Amino acid sequence: MQENQIKTLSITELLGDNFYIPEYQRGYRWTKTNVLQLLNDIWEYRQEPNNRNTFYCLQPVVVRKAEWQDIEGKTIQGYELIDGQQRLTTLHRIITYLTLEYLQNNLKSEGYQNDLYSIYYKTRLESKAFLETNTSNNTKPDLYYMSEAYNCIKEWFEDGKKGIPRQVKDEILKIILPSILINDKVEKQLPEWSVQVIWYEIKDTTQKSEELFTRLNRGKIPLTSAELIKAKFVNADSFKGMSEDDKIKRRTQLVQIWDEIENQLNNPKFWAFVSNEKLDRYSNKIEYLFDIISNKISSEKDPLYSFIHFFDEKETADSLWRKWIEVEEIYRSLAYWYSNKNLYHKIGYLITTGTPIANLIKIKKNYTKQNFEKEIDELIANNIDDDWEDLRYDKRSDHDKIIRVLLLTNIELIRGNKNSNEFFPFEMYKNITKSLEHIHSQNIEGINENKREEWFSWLCSHSNILLNVAIDKEKAKRIIAEVNSIDQKTYRYEDFKTLSERILKLIPSENTNENEYLHKIQNMALLGLTENISLSNSVFEVKRRKIIELDRTGAFIPLATKRIFLKYYASDNGQHYSVWTKEERDTYSNEIRKCVELYNPEIVEENEK
């Protein structure tokens, strides 16, 4: 790895080169869809005026210097093309079309220093010459696909949909084969916009080409931004001007800390604290830190965005090292926050609810340790709706706001316990689909009238509790017998509806109008979607028993939710063990209020007026 080289090159810089496709690779196989996608991507990217890139970057071309014999037995020097055959062949076809049917001359005659690069095929020697023509040939698979690509390219340029064909050809030629100016310092200067490839040259002789090819192609595991950035850090051109000993020390230190960071980020608990992505989102987790530094947004489609934007155009040994120190500093900050119970919960809440880590890092850089926490508290306060007590479940737009309040409550109950070393399990919370559960729900609204399994599940769970909670035991026994004798094949929804109403009349409830609080936050609990499905439309006692059962099997039940169904909020003389009472609702509301008040007491004061 230390000898490998990585850089970006324009296609102009590949002119005159020779590429060799060994026998372990199959031939050219891009279809019309692949060719059109490349052409359209380049064209559309160029038309976007607000594009931040100064060039359109193709996926890596992985090469190794090699020698081989051409069709006439002549020794050719160039590069074994380990990965990138399809892209370089398609670009060859595009340039060949422009040369033959637009320039009507070779590139040297047009002022370029060299003609188009050549591609030699170990088992298909005739393909090299065929690539340089505009003829069609369907006798062999390689020649067929090359012919189809050329025809597709010709049609794309000449359909008139993008403007006058001649102007389109001229535009694409400037993009794919830009002129290169060399200044006094012998540095290349490219036009504002061009197509470039990531040039990854393997100089490490211990790596077998076949194994690397298998990984990159058959294994469907492409080079990632992290691997490319690492290669850039440790390649032979890095840290120029330093002594060999200093170079070795820096590279050794970098690789050791790189491994430490990667190992820590692979810890599911740590990963769930710092990221909302699934653990398998990155093959190299350190790439997440590069995404932060590069300001990569979640909707960005370019898998190599962070590599392209991580380095500056003219990196020196010092600037390169400062880049790495920045990576280390972000990691050290995350590791410290993770180990500190207070910051773990506050920052974990912010990350979970969508605050970008880059924002938190910026605050850390700009404020003292004491003021940093004040800023964090303010971010949390701003995360909670001012009118949180008026949020309603029956307003879809309020759901996320309710979840934020209840999540903060569950986190604060753990953070505020000074006698426990327990930390909120973000890894469990992020592995469930968050949903809101009505604590009290004495109705069958929401049960699908076309799904019999939902009716019978409801009847079974509610008839199971009747003898324990019903005041009229004889009626309860008769209903239980009726449920047990149901012929499920002939049972109708109207029958279920009537029987459920009779069951609900036997189950104790408060003499209050449930519509006054049914959809308010005092009647909502945070739960995972899988558990929520099994509890929906059940009365409190059914839910209470199910929560206890789930807790016994190790399911993740947030602390406040567990307290609700274990009657934590009931007084010692509570008379309704199977009912979610007004007293409990008020106590629960007060607990939520205390948690919110820690960050924004003004909200509480306003709501209490």
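Source: prediction; values computed, not measured. Numbering of residues begins at 1 and proceeds along the displayed sequence.
D586 is linked by a salt bridge (Lys or Arg N to Asp or Glu O under 4.0 Å) to K582, counting only residues two or more places apart in sequence or in another chain. Take Q37 and apply the side-chain contact (heavy atoms from CB on, under 4.5 Å) test, not counting sequence neighbours, and it matches D41. Every side-chain contact (heavy atoms from CB on, under 4.5 Å) that L467 has, sequence neighbours left out, goes to A476, K477, I480. With sequence neighbours excluded, the residues satisfying side-chain contact (heavy atoms from CB on, under 4.5 Å) with I325 are W321, E328, E329. By the side-chain hydrogen bond (donor to acceptor under 3.5 Å, both in side chains) test, D495 pairs with R492, sequence neighbours left out. In terms of the side-chain contact (heavy atoms from CB on, under 4.5 Å) criterion, residue partners of Q256 (sequence neighbours excluded) are, by chain and number, T252. Take E378 and apply the salt bridge (Lys or Arg N to Asp or Glu O under 4.0 Å) test, not counting sequence neighbours, and it matches no residue. In this structure, E262 has no salt bridge (Lys or Arg N to Asp or Glu O under 4.0 Å) partners at least two apart in sequence or on a different chain. A search for side-chain hydrogen bond (donor to acceptor under 3.5 Å, both in side chains) contacts involving N382 returns nothing, not counting sequence neighbours. Listed by chain and number, the residues in a ring pair (Phe, Tyr, Trp, His ring centres under 6.0 Å) with F311 are F233 (sequence neighbours excluded). Checked against salt bridge (Lys or Arg N to Asp or Glu O under 4.0 Å), D400 has the following partners two or more places apart in sequence or in another chain: R404.
Within the 4.5 Å cutoff, the side chain of I503 has heavy atoms near those of the W458 side chain. Residues V542 and V539 form a side-chain contact, since some pair of their non-hydrogen atoms from C-beta on lies under 4.5 Å apart. A heavy-atom distance below 4.5 Å is not found between the side chains of H519 and D398. A heavy-atom distance below 4.5 Å is found between the side chains of Y336 and L343.
Between F556 and Y429, the ring-plane angle classifies as perpendicular under the 30° and 60° cut-offs. The aromatic rings of F270 and Y331 sit perpendicular, their planes meeting at an angle over 60°, well past the 30° parallel limit.
The two residues I198 and C57 have their closest heavy-atom pair at CG1-SG, 3.3 Å.
Applying the ring pair (Phe, Tyr, Trp, His ring centres under 6.0 Å) test to residues at least two apart or on different chains, none of the pairs has a partner in residues 350-369.
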